[in-house]
Amino acid sequence: MSQRPETKAIRLQTEKTSQKEHSTPLFLTSSFTYESAEDMADAFADDTLEVNIYSRFSNPTVDEFINKIAALEGAEDGVATGTGMAAIFGTFMTFLSKGDHIISASAVFGSTHTILTKYLPKWGIESSYFDMNKPESIEGLVKPNTKMLYVETPSNPGLDIIDIEVVSKICKQHNILFVVDNCFATPAVQQPIQYGADLVLHSATKFIDGQGRVLGGVVVGKKELIKQLYLFIRNTGPSMSPFNAWVLTKSLETLYVRMDRHADTALKLATSLQLHPQINSVKYPFLETHPQYAIAKKQMSNGGGIVTFELKGGVESGRHFLNALQMLSMTNNLGDSRSIASHPASTTHSKLTEEERNAVGITPGLIRISVGLEHPEDILNDILQALDKS
Ligand SMILES: *Cc1c(COP(=O)(O)O)cnc(C)c1O
């Protein structure tokens, strides 16, 4: 009987011990033992990776997390890493070589942008950027040495959305590996492989953990691609810790109900704030006023848990707003059960020039809310009282 993703997120279990425990066991061990010298020799010779040798290579708790994410994303296989950045860097290092070219959306996570601009050139890998709002410009950036195309949709913090299916067609035509950072949506909301992405990756630190406890990353895709990435991670070392994998595989059991609630509250909040006199505009993928609303409706099952709005008063009112909040947390993380407010212009993106900020949609008064799981009215009321004071 084939199970739906909501069930697999809970029931897909890799290993049980002789204790017949009901919940997922935690295999907190660095290495594994053998019955004989011959078994040990076989384990090392085994290229199918079925036998656990050492937890940098594989671990049953980590495997459970990987198997679940792969199932939810509709992928053949996956690799887990210590952080989201390790997943992104490992993907670049595995599939790009000296002399290659990567095309990336300009609106990507800050550290991803730093890898592209500061580190990849050291190894002779060049990059070009396109505006998420102008996918038609991608074609003109393709060169004979273009090997990879990289996007985040929805993007952070601009919430720009790109049609995954349209981009995947361009990539197939030019034999380019198409990589999607699916962190903001999670597989509960969007499955990029269904629309033609080759590799899908996550910072599991965000909605996948969902409670702000551990860091983690994961990449999923076709077996032959994952095998190459696996060997890079196994040999260079940014593997996921079994403890973090245990936290994350338990988190997946509640992913679908959490994402439904995050999105319900986020839509309520976005709708309520739209007409507020101190707010210029509200952005949320499932608001009809979102520039890519039709694309969001096509490829996402709900609008996700992030809402942004633009305060009329600019940078100063952004700071006043944060200082006036009584419940929402001031922190740079997102995807937590606790609602979080951040002001990108004065924090995460303060090192960019105003011009660079504007290019990725970060206006001086932009506030990003990671909508948590508290009562929707309590979240709204805290934001309203802070708006009154700012
Ligand atoms: C946080 C984040 C990352 C980086 O993940 P870490 O787990 O912090 O290393 C990458 N992409 C997006 C979209 C993120 O929000």
Side-chain angles (χ1 to χ4, degrees), residues 62 65-66 69 73 78-93 102 104-120 129 132 148-162 164 179-190 192 197 199-220 233 236-241 243-245 247-248 251-252 259 262 266 285 300 304-308 329 331-336 340-342 344 347-349 360-362 366 368-372:
V62 179
F65 172 65
I66 293 170
I69 289 277
E73 288 283 7
V79 185
T81 53
T83 65
M85 288 323 301
I88 295 166
F89 186 61
T91 300
F92 290 164
M93 287 292 99
I102 171 172
S104 169
S106 49
V108 290
F109 187 68
S111 298
T112 306
H113 196 259
T114 305
I115 294 179
L116 292 169
T117 54
K118 187 167 168 201
Y119 294 101
L120 293 191
Y129 301 95
M132 287 276 281
M148 186 182 287
L149 193 143
Y150 187 91
V151 300
E152 252 171 53
T153 181
S155 70
N156 177 23
L159 296 179
D160 292 324
I161 287 166
I162 202 160
I164 301 169
V179 183
V180 177
D181 181 335
N182 199 27
C183 174
F184 265 40
T186 83
V189 174
Q190 171 176 279
L199 291 168
V200 174
L201 54 84
H202 287 278
S203 165
T205 314
K206 313 295 168 51
F207 287 104
I208 290 178
D209 171 33
Q211 289 143 89
R213 301 165 296 185
V214 300
L215 301 168
V218 64
V219 189
V220 299
I233 300 299
T236 62
S239 315
M240 176 175 277
S241 110
F243 180 80
N244 287 9
V247 172
L248 293 166
S251 293
L252 285 178
M259 290 313 294
H262 282 299
M300 298 170 76
I306 309 288
V307 175
T308 65
S329 313
T331 176
N332 65 312
N333 200 22
L334 61 93
D336 197 300
I340 295 165
S342 69
T347 57
T348 45
H349 294 72
V360 290
I362 301 167
L366 184 81
R368 185 189 75 190
I369 306 288
S370 170
V371 179

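These figures come from a predicted structure and were not determined experimentally. For ligands, and for the atoms within them, numbers begin at 1 and follow the listed sequence.
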Student: Around atom 7 (O) of ligand 1, find the nearest protein heavy atom and jot down its residue, atom name and distance.
Tutor: Thr205 OG1, 2.6 Å
Student: Where is the nearest protein heavy atom to atom 8 (O) of ligand 1: which residue, which atom, and how far?
Tutor: Ser203 OG, 4.2 Å
Student: Evaluate the criterion ring-ring contact (aromatic ring centres under 6.0 Å, His included) for residue pair Tyr150 and Phe92; output intermediate values, then yes/no.
Tutor: CA-CA 10 Å; Tyr150 187 91; Phe92 290 164; 5.4 Å; yes
Student: Mind checking whether Leu215 has a heavy atom under 4.0 Å from ligand 1?
Tutor: no
Student: Closest non-hydrogen protein atom to atom 12 (C) of ligand 1, residue and atom name please, with distance?
Tutor: Asp181 OD2, 3.5 Å
Student: Among Asn332, Thr347, Asn156, which one satisfies side chain to side chain donor-acceptor pair (under 3.5 Å) with Arg368?
Tutor: Asn156
Student: Please identify which atoms of ligand 1 are closer than 4.0 Å to at least one heavy atom of Gly84.
Tutor: 5 (O), 6 (P), 7 (O), 9 (O)
Student: Pairs of nitrogen or oxygen atoms closer than 3.5 Å, one from Thr112 and one from ligand 1: do any exist?
Tutor: no
Student: Could you walk me through whether Val218 and Met240 satisfy the side-chain contact (heavy atoms from CB on, under 4.5 Å) test, starting with their C-alpha distance in whole Å, then the side-chain angles of each, then the deciding distance to 0.1 Å, before giving a yes or no?
Tutor: CA-CA 9 Å; Val218 64; Met240 176 175 277; 5.7 Å; no
Student: In terms of atom number and element, which parts of ligand 1 are under 4.0 angstrom from non-hydrogen atoms of Ile88?
Tutor: 10 (C)
Student: So, for Ala80 and Val62, which heavy atoms are closest and what is the spacing to 0.1 Å?
Tutor: CB-CG1, 3.8 Å
Student: Could you tell me whether the side chain of Asp160 and the main chain of Ser155 form a donor-acceptor pair under 3.5 Å?
Tutor: no
Student: Please answer whether the main-chain N or O of Asn182 pairs with a side-chain N or O of Gln190 as donor and acceptor at a distance below 3.5 Å.
Tutor: no
Student: Donor-acceptor pair, distance only, cut-off 3.5 Å: does the side chain of Thr205 make one with the backbone of Gly216?
Tutor: yes
Student: Run down the list Met85, Lys206, Glu152, His202 and name the one with the heavy atom closest to atom 1 (C) of ligand 1.
Tutor: Lys206
Student: Which atoms of ligand 1 sit under 4.0 Å from any heavy atom of Thr83?
Tutor: 7 (O), 9 (O)
